Amino acid sequence: MNVLDVQNLTLSFGENTLFSNVSFSIKEGEKAGLVGVNGAGKTSLFKIITGEYSADSGSCFISKNARLGYMQQHTCSVERTVWNELVSVFSDLIEIEQELEDISNKLSENADKALIERQDYLTNKFNQNGGLTYKSMTRSALIGLGFTEEDFSKSTALLSGGQRSKLILAKLLLSRADFLLLDEPTNHLDISAIAWLEDFLLSFKGACLIISHDRYFLDKVTGKTVEIENKKVRSYTGNYSTFLVKKQAEQKAIEEKYENDIKEIERLEGIIAQQRQWNREKNIKTAESKEKVVERIKAQLVVPDSKVEKIRFDFTPKCVSGEDVLRADGVSKSFGSKKIFKNVSFSIKRGERVFLLGDNGCGKTTLLKILMGDLSRDDGSFSFGASLMTGYFDQVQEKLDLSKTVIDEVWSAFPFMTETAVRNALAAFLFKGDEVFKKLELCSGGERARVALLKLMLGGFNFLLLDEPTNHLDAFSREELENTLLNYQGTMLIVSHDRYFINKLATRIIELTPDGCNNYLGNYDDYAQNRYVAKAEKAVKEKSKVNDYKLKKERQSTLRRLTARSKSLESEIEATEAELERVQSALNTADYNELMELTAQLDELSKKRNDLYEEWENTALSLEELADNQ
């Protein structure tokens, strides 16, 4: 059964048609990715589904049994703690829990039958709706998305924009909706948080429609891909990588058939022209027959989609650097009392494509800024190699002059270029016509990123320091950037959360930690595998250490216990032998009746002494064994 049916939707803004006659469906439990270039209309389509926008024509049906969940439904109160804000999505369970507590208190005073029935009803409802797990789910979501235990009691008013977005995402995920619309859900998440989100969605029983430029994420989570391109929509079974293969094969087939059909039309039109030139009755009939064939071919002709215009990158360096590019030794940085990292040491050789990974807040951007001289280090040193021309891409484009136009910002950095050359370069980065005169302060984040990347490209640098270069780029532009950087002859140090991008480019990964850094050869998959193995080995060693410590403590405890018992047994043996001597002495003066009683005591004391001696000997042996194993 479908949870969503989109039929022949058309949406325009003025003369600009975003898409036309769009149709697709999402089944129960299906997880689909919605992809397309920036501006294709993905978010607008979401707004039609949620009812925020009205389509020009067509229809959109959501199953009456589906409970829709999307980010805009959820706000973030500034009057609650982080914990109370997230757990508020379970307000119905909290109310039931409170009522059950009140009923329990009343029942302790009066066993009212109606109260007992109400208690049974509420208990079943509480358990069926997840009452036993809602607190653990709340904690898991907060920890998984990067909040610490200390953050739980923090006021939401103190959260950063990114943290607030993560909290709203957590509210959506725990809302118990069974059809989720997710628009760039991995934004503001580091790799570990994205991995948690992937696991959550893989175990989620409902359906999802996901807009994302994170191709690794789409590959992991989705089993269907819906693409908006050239104002049309196509659906493909399979994840993002499967979609690329199928689309390429489909487009190749369409282009080949189109070319063959055009050739056939041209051949037939040549015959028609020749037959009409001869102008006999038989020739005219032949020409008319061929014209019908041409009309039939044209009616069935499928014209291939025009190629989507993409950014054209070219990072060719102006000169070759020395073999040694960068060396860092013991670099440390703190902000006030907060230590960011210490003892960071690594080296980079010419031609390496090194990625700097680590959790949010570990100091990756800070380290790049130290290397570029924008921040001072607390300790350690670093040095660059010979003949280096270093280019830096800042993820927030702090170095752009927002008061300038697009063309002025580029031209002022490269004044030797002609206006034609600058405008050609801007056209390669999709700035055309009057767009080049747009003020940067009015540009989107994606447009500013394109300007920064263009300046980086024109610099001819042989060492690139890139901080989240794929942010604000759509999936297709990311692929262009990847392919260009794969052929780049210089050296790179890159900070990125884009695992698809890392997998395609990385030759080595440096993992930044508070106490230094770890080196891993290979791409992201190699890093993830080696890190998993390293963690497993560490866990085994720690377990071994714990076990050794535990065994040592147990031996020491046993030694103390056996030593104490040995001394106690010696005292008991001594007391028993003294009592035996007393009874034996009493036998000498006892009458018949006393003799029988004393004999019984003597037998009992002798048995007790033998048992004590046996236990004492066993204890002594155990003590010897423990001493040998120390």
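These numbers come from a predicted model, not from an experiment.
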Legend entry - Heavy-atom closest contact (L174 atom, A141 atom, distance): CD1-CB, 4.0 Å
Inset, instruction - Could you check if a side-chain atom of L86 sits within less than 4.5 angstrom of a side-chain atom of L142, using non-hydrogen atoms only? - result: yes
Inset, instruction - Just do the side chain to side chain donor-acceptor pair (under 3.5 Å) check on D56 and S12 with the steps written out, would you? - result: CA-CA 7 Å; D56 299 338; S12 302; 3.2 Å; yes
Legend entry - N/O donor-acceptor pair under 3.5 Å between S88 side chain and S91 backbone: no
Inset, instruction - Indicate yes or no: does K135 engage E97 in a salt bridge with an N to O separation below 4.0 Å. - result: yes
Inset, instruction - State, to 0.1 Å, how close S212 and L218 come at their nearest heavy-atom pair, and which atoms those are. - result: O-CD1, 3.5 Å
Inset, instruction - Taking the side chain as every heavy atom from C-beta outward, state whether F437 and I407 have any pair of such atoms under 4.5 Å apart. - result: yes
Inset, instruction - Please tell me if the side chains of F24 and L45 come closer than 4.5 Å, counting only heavy atoms from C-beta onward. - result: yes
Legend entry - Non-hydrogen atoms of T470 and S496 that approach each other most closely: OG1-OG, 4.3 Å
Legend entry - Residue pair K232, F19: steps toward the side chain to side chain contact (heavy atoms under 4.5 Å, CB included) verdict: CA-CA 6 Å; K232 296 183 289 186; F19 44 77; over 6 Å; no
Inset, instruction - Evaluate the side chain to side chain contact (heavy atoms under 4.5 Å, CB included) criterion for residues T225 and T242: first the C-alpha distance (whole Å), next the side-chain angles of each, then the deciding distance (0.1 Å), finally the verdict. - result: CA-CA 9 Å; T225 302; T242 303; over 6 Å; no
Legend entry - Closest non-hydrogen atom pair between I194 and R499, with its separation: CG2-NH2, 3.1 Å
Legend entry - Side-chain donor or acceptor of K364 paired with backbone N/O of D359 under 3.5 Å: yes
Inset, instruction - Answer yes or no: is there an ion pair linking E227 with K247, defined by an N-O contact shorter than 4.0 Å? - result: yes
Inset, instruction - Look at atom CG of D434 and say whether more than 12 heavy atoms of other residues, nucleotides or ligands are closer to it than 6.0 Å. - result: no
Legend entry - Value rounded to 0.5 Å, distance of OH in Y53 from CG in L18: 9.0 Å
Legend entry - Evaluation steps, side chain to side chain contact (heavy atoms under 4.5 Å, CB included), between E435 and L426: CA-CA 9 Å; E435 290 178 342; L426 286 168; over 6 Å; no
Legend entry - N/O donor-acceptor pair under 3.5 Å between K125 side chain and I96 backbone: no
Legend entry - K246, NZ atom: more than 12 neighbouring heavy atoms under 6.0 Å: yes
Legend entry - Short side-chain donor-acceptor distance under 3.5 Å, T43 and D183: yes
Inset, instruction - For the residue pair I272 and V294, establish whether any side-chain heavy-atom pair is separated by less than 4.5 Å. - result: yes
Inset, instruction - Quickly, which of F90, F152, F147 forms a ring pair (Phe, Tyr, Trp, His ring centres under 6.0 Å) with W83? Name it, please. - result: F152
Inset, instruction - Would you mind reporting whether L189 and W196 have side-chain heavy atoms less than 4.5 Å apart? - result: no
Inset, instruction - Locate the shortest heavy-atom distance separating D219 from S241; write the atom from each residue and the value. - result: OD2-OG, 2.5 Å
Legend entry - Plane angle bin for Y240 and Y500 - parallel if under 30°, tilted between 30 and 60°, otherwise perpendicular: perpendicular
Inset, instruction - Measure the spacing between CG of N2 and OG of S63 and express it to the nearest 0.5 Å. - result: 9.0 Å
Inset, instruction - Please round to the nearest 0.5 Å and tell me the distance separating atom CG of D314 and atom OH of Y488. - result: 11.0 Å
Legend entry - Sidechain-backbone polar pair: T405 side chain, K439 backbone, donor-acceptor under 3.5 Å: no
Inset, instruction - With K224 as the cation and Y236 as the aromatic partner, state whether NZ or CZ is under 6.0 Å from the six-membered ring centre and within 45° of the axis. - result: no
Legend entry - Check: E256 main-chain N/O paired with N260 side-chain donor or acceptor under 3.5 Å: yes
Legend entry - Any L201 side-chain heavy atom under 4.5 Å of L173 side chain: yes
Legend entry - N523 vs F355 side-chain heavy atoms within contact, under 4.5 Å: no
Inset, instruction - Return yes if some donor-acceptor pair links the side-chain N/O of N16 with the main-chain N/O of F13 below 3.5 Å, else return no. - result: no
Legend entry - salt_bridge(R234, E250) N-O dist < 4.0 Å: yes
Inset, instruction - For the residue pair N124 and N127, confirm or rule out a side-chain donor-acceptor distance under 3.5 Å. - result: no
Inset, instruction - Could you tell me whether the side chain of E295 and the main chain of K292 form a donor-acceptor pair under 3.5 Å? - result: no
Inset, instruction - Step by step, work out the salt bridge (charged side-chain N to carboxylate O under 4.0 Å, His left out) result for D474 and R478. - result: CA-CA 6 Å; D474 57 48; R478 292 183 185 199; over 6 Å; no
Legend entry - Cation-pi, F431 ring and R450 (6.0 angstrom, 45 degrees): yes
Inset, instruction - Would you give the length of the straight line joining atom CD1 of I168 to atom NE2 of H188, rounded to the nearest 0.5 angstrom? - result: 9.5 Å
Inset, instruction - Could you tell me whether K171 and E85 have a side-chain N and a carboxylate O separated by less than 4.0 Å? - result: yes
Legend entry - Heavy-atom check, side chain of R312 versus side chain of E480, under 4.5 Å: no
Inset, instruction - State whether E264 and R267 are salt-bridged, where the test is any N-O pair (Lys NZ or Arg NE/NH1/NH2 against Asp/Glu carboxylate O) under 4.0 Å. - result: yes
Inset, instruction - Return yes when atom NZ of K31 has more than 12 non-hydrogen atoms of other residues, nucleotides or ligands closer than 6.0 Å, and no otherwise. - result: yes
Inset, instruction - Test side chain to side chain contact (heavy atoms under 4.5 Å, CB included) on I62 and V3 and set out the steps. - result: CA-CA 6 Å; I62 298 175; V3 295; 5.8 Å; no
Inset, instruction - Working to the nearest 0.5 Å, report the span between CD of E409 and NZ of K404. - result: 5.5 Å
Inset, instruction - Would you give the length of the straight line joining atom CD1 of I502 to atom CG of L357, rounded to the nearest 0.5 angstrom? - result: 4.5 Å
Legend entry - Short side-chain to backbone donor-acceptor contact, N8 and G58, under 3.5 Å: no
Inset, instruction - Considering only NZ, NE, NH1 and NH2 on the basic side and carboxylate oxygens on the acidic side, decide whether D498 and R215 come within less than 4.0 Å. - result: yes
Inset, instruction - Look at the aromatic rings of Y527 and Y524 and report parallel, tilted or perpendicular, splitting at 30° and 60°. - result: tilted
Legend entry - Test item: S175 side-chain N/O and L172 main-chain N/O as donor-acceptor pair under 3.5 Å: yes
Legend entry - K205 bridged to D178 by N-O distance under 4.0 Å: no
Legend entry - Check ion pair K166-D151 (N to O, under 4.0 angstrom): no
Inset, instruction - Identify the heavy atoms of P469 and F393 that sit nearest to each other, and give their distance. - result: CA-CE2, 3.6 Å
Inset, instruction - Return yes if some donor-acceptor pair links the side-chain N/O of N239 with the main-chain N/O of V221 below 3.5 Å, else return no. - result: no
